[in-house]
Amino acid sequence: MFIYLFSVVPINVSCTRTEFSIKISRQSLPPLDDESIYLGNPSCPAQITPTAYKILARFDGNCGTAGQV
């Protein structure tokens, strides 16, 4: 018999016409190297707080993002 346990990681996502943000609770994830949390490439790192990883990106082509009409 196999038993699989799934957990849901709470993620808050918000966006405006020009940017979006993603917030993930640090408590929800296993310990991670802070340098390995980024969007698209290492030049777009997450903001690290004691309680969360926060990613803020504009829809401007940086970090692999783009606007859509």
Side-chain angles (χ1 to χ4, degrees):
M1 174 194 287
F2 292 99
I3 297 175
Y4 294 98
L5 298 176
F6 296 95
S7 66
V8 176
V9 176
I11 299 173
N12 294 320
V13 178
S14 62
C15 60
T16 67
R17 299 182 97 204
T18 58
E19 65 187 24
F20 68 95
S21 68
I22 303 168
K23 183 179 174 184
I24 305 168
S25 168
R26 291 185 78 156
Q27 198 172 34
S28 305
L29 299 173
L32 300 169
D33 288 333
D34 291 348
E35 297 80 30
S36 65
I37 309 298
Y38 55 84
L39 177 67
N41 60 61
S43 66
C44 300
Q47 299 171 354
I48 310 298
T49 71
T51 59
Y53 299 107
K54 296 179 183 179
I55 296 174
L56 178 64
R58 295 183 59 79
F59 297 119
D60 59 7
N62 295 326
C63 301
T65 62
Q68 185 175 16
V69 179

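- Pairs of residues two or more places apart, or lying in two chains, that qualify as ring-ring contact (aromatic ring centres under 6.0 Å, His included) and include a residue from residues 44-69 are Phe20-Phe59.
- Cluster membership for Val13 and Leu56, using ILVMFWY side-chain heavy atoms within less than 4.5 angstrom, is not shared.
- Note that NZ of Lys54 and CD1 of Ile37 are 15.0 Å apart. Values are rounded to the nearest 0.5 Å.
- Taken from CG in Asp33 to CD1 in Ile48, the straight-line distance is 10.5 Å, to the nearest 0.5 Å.
- Within the structure, the side chain to side chain donor-acceptor pair (under 3.5 Å) test picks out the following pairs touching residues 43-52 (sequence neighbours left out): Asn41-Ser43.
- Of all the heavy atoms in Pro50 and Arg26, the pair that sits closest is O-CD, 3.7 Å.
- From Leu39, atom CG reaches atom CD1 of Ile55 across 5.5 Å, with rounding to the nearest 0.5 Å.
- Residues meeting the ring pair (Phe, Tyr, Trp, His ring centres under 6.0 Å) test with Tyr38, sequence neighbours left out: none.
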